[in-house]
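The structure appears right after this line, and notes come after that.
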Amino acid sequence: MGITSGIVLYAVIWFMTFLVVLPIRIKTQGDLGDIVAGTHAGAPEHHHLKKKAWITTAVAAVLWAIIAGIILSGVISISDFDWTENLPPVQ
């Protein structure tokens with residue numbers, strides 16, 4: 001795995017993790033009973049975005065290390081996913 005593919009892998013893992021972490025412990029205006037006129041009741045009141053970004057960065061780094069280790073060790077390779085190798089030849 002090259003540097004570029006490692007960075008792309010980390011970015012994909014980071015954004016997927018961020019989308020999972022984002023709705024955790026969110027407090028909406030409807031939950032708190034303080035709805036601002038002109039906004040939806042489901043609008044976040046306290047989102048803790050900076051804390052969630054740091055948590056996402058830490059979790060993504062651990063997941064990236066595990067996945068990159070598996071890829072670099074050769075336990076799983078592209079040929080494991082190449083289902084066309086097992087097809088009979090076309091006549």
Rounded distance (nearest 0.5 Å) linking atom CG of L22 with atom CZ of F15: 11.5 Å
Any side-chain heavy-atom pair of V59 and V21 under 4.5 Å: no
Same cluster (ILVMFWY, side-chain, under 4.5 Å), V12 and L72: no
Shortest non-hydrogen separation from R25 to K52 and the atoms involved: C-NZ, 4.5 Å
Shared hydrophobic cluster, V8 / I71 (ILVMFWY, side-chain heavy atoms < 4.5 Å): no
I24 and I55, any side-chain heavy atoms less than 4.5 Å apart: no
Rounded distance [0.5 Å steps], CD1 in I35 versus OG1 in T28: 8.0 Å
For the student: nearest non-hydrogen atoms of F18 and L49, plus distance: CZ-CD1, 3.7 Å
Closest approach of W14 to T56 (non-hydrogen atoms, all atoms of both residues): O-CG2, 3.3 Å
Gap between atom CG of L9 and atom CD1 of I67 - 0.5 Å precision: 6.0 Å
Closest heavy-atom pair and its distance - S73, V75: OG-CG2, 3.1 Å
Closest non-hydrogen atom pair, V36 against T39: O-OG1, 2.6 Å
